[in-house]
Amino acid sequence: MPDPLALVPLPQSVVWSEGVWETSDPWEGLSVGLNEDLPPTEYTLSISPAGAALSAGSEAALADGRNTFAQIVTGTHGAIPCVTISDAPRYAWRGMHLDVSRHFLPAAEIETLIDAMALHRLNVLHLHLTDDQGWRIEIKGYPRLTEIGGRREQTLIGHMGDDEEAWTFDGTPHGGSYTQEELAGLIEYARRRGIMVVPEIDLPGHLQAAVAAYPELGNFPDQRVGVREVWGISDHVLGVSDEVFDFLRDVLTQVADLFPAPYVHIGGDECPRVEWERSPAARARMNEWGYTRVSEIQGHFTQFAADVLAEKGKRIIAWDEVLESHLPDDTVIMNWRHGNGIAESTSRGFRTIIANNEHTYFDHYQATPAEEPLAIGGHTTVKDVYTAKLTPKKLGEDQEKLLIGVQGQLWTEYMPDAAQVQYMAFPRMCALAERAWGSPEQSWEEFEERLRAHLPRLDAFGIRYRPLD
Ligand code: ACM
């Protein structure tokens with residue numbers, strides 16, 4: 001039975017008291033109400049022998065309180081300890097990223113992840129819907145995106161060494177996509193659990209699957225490329241024709257209409273410029289736009305996407321590479337490359353989400369590689385996630401205020417199915433949740449003890465995880 005004292009994440013203030021509340025249906029016995037006297041981020045939960053009451057300053061805080069309640073009651077079998085909790089999160093954005101391009105994950109499996117996120121009071125699911133290896137979202141008027149772009153013929157086996165001759169493939173097609181209707185269902189499922197789904201349409205690179213579906217979107221329309229079957233970074237990025245920008249407008253407009261979140265993530269990471277350098281059309285466009293550097297083409301895409309989304313009342317989020325060009329003031333930067341990026345983005349006044357690849361990339365090995373399933377590389381233990389410094393040493397107070405969140409990343413090159421996604425996510429996600437929530441700091445040993453007692457809750461939810469050492 002899970003130990004109700006082992007809350008992960010730990011609320012800001014928890015006072016346990018004598019006695020238990022005996023109930024066969026705690027959810028039935030929970031009274032819930034908004035309280036306008038509380039700040040919008042705050043909830044209070046009290047459990048006494050007579051029953052349980054939850055009040056909060058907003059619907060979002062109510063969801064947080066419900067999720068804490070779920071932690072307490074999971075597995076308690078009718079005898080719930082009495083407690084008073086008052087609580088508010090440190091970060092507004094407590095995210096998990098999930099790449100459904102490299103490996104497609106059925107919507108039901110995403111729902112399971114959403115349930116687990118809610119249990120940990122994480123509140124943003126960042127869905128990476130498109131990439132070189134697969135386009136996963138239905139866009140009306142562009143059926144080939146999912147028919148052609150949503151399927152690759154085969155997938156690289158093992159690591160992608162430099163010697164192409166040595167690459168071997170599984171010979172098995174891999175594909176899948178979500179209709180807009182299915183995504184709407186997922187968005188609603190998440191909303192009911194206090195989680196906002198933020199879509200990512202990565203551009204102008206990481207789009208080979210779209211170019212495979214519609215060659216006219218590329219830089220050399222006579223060149224045929226397939227959906228990418230290996231990992232790494234593709235040189236086949238978007239071209240610069242009017243057709244490309246019409247396409248982007250259609251895609252971003254449909255995405256903005258489908259996802260109620262006020263943000264759309266437009267990627268912007270790892271966009272090679274070799275095709276633009278070789279392309280006479282790109283050169284001509286640079287002259288027309290008055291650019292002298294090829295890198296400015298990416299800035300043009302960023303601004304275009306921001307303008308289209310602004311018409312829909314949405315702001316852009318992008319990976320930190322976009323700092324290389326001029327940006328709209330309300331851009332949110334997702335910092336993944338190195339801590340200096342956080343210093344730069346916040347010194348330039350951009351709100352920033354901490355997603356650094358040293359400590360928040362859950363595609364890295366979580367123990368000695370020889371003892372673990374194949375992963376992309378790296379080595380990030382659950383202890384690292386709990387204890388590592390996530391921000392640069394010297395940030396001014398104004399800069400600290402611009403840090404709006406923390407997020408874990410699940411890139412799925414080496415996660416072919418839900419079981420592997422869960423194994424890589426947990427228990428690291430539990431440690432991340434504490435940091436995102438801003439739980440009172442404890443030693444690793446104290447956290448580990450609580451985590452050990454928390455793991456049966458994951459069992460109760462049917463979640464696979466890497467056992468603690
Ligand atoms: C990234 O890992 N390319 C954002």
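Counting starts at 1 for both ligands and their atoms, in listed order. For the numbers below, each heavy atom of this structure counts, side chains included, while hydrogens, waters and symmetry mates do not.
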Completion exercise
The protein heavy atom nearest to atom 3 (N) of ligand 1 is Asp269 OD2, 2.7 Å
Handout entry: Residue of the set Trp93, Trp319, Tyr263 for which ring-ring contact (aromatic ring centres under 6.0 Å, His included) holds with His126
Key = Trp319
Practice task
Mark yes when over 12 heavy atoms from residues, nucleotides or ligands other than Glu400 sit less than 6.0 Å from its CD; otherwise mark no.
Solution key: yes
Problem - N or O contact, Trp319 vs ligand 1, cut-off under 3.5 Å - result: no
Handout entry: Donor-acceptor pair between Glu200 and His97 side chains, under 3.5 angstrom
Key = no
Practice task
Locate the shortest heavy-atom distance separating Ala318 from Ile266; write the atom from each residue and the value.
Solution key: CB-CG1, 4.1 Å
Exercise for the section: State whether the shortest distance between N or O atoms of Glu270 and N or O atoms of ligand 1 falls below 3.5 angstrom. Expected result: yes
Practice task
Decide whether Glu321 and Trp336 meet the rule of one side-chain donor and one side-chain acceptor closer than 3.5 Å.
Solution key: yes
Practice task
Please indicate whether any nitrogen or oxygen in Tyr361 is less than 3.5 Å from any nitrogen or oxygen in ligand 1.
Solution key: yes
Fill in the blank from the handout: So the atoms of ligand 1 within less than 4.0 Å of a heavy atom of Trp411 turn out to be 1 (C), 2 (O), 4 (C)
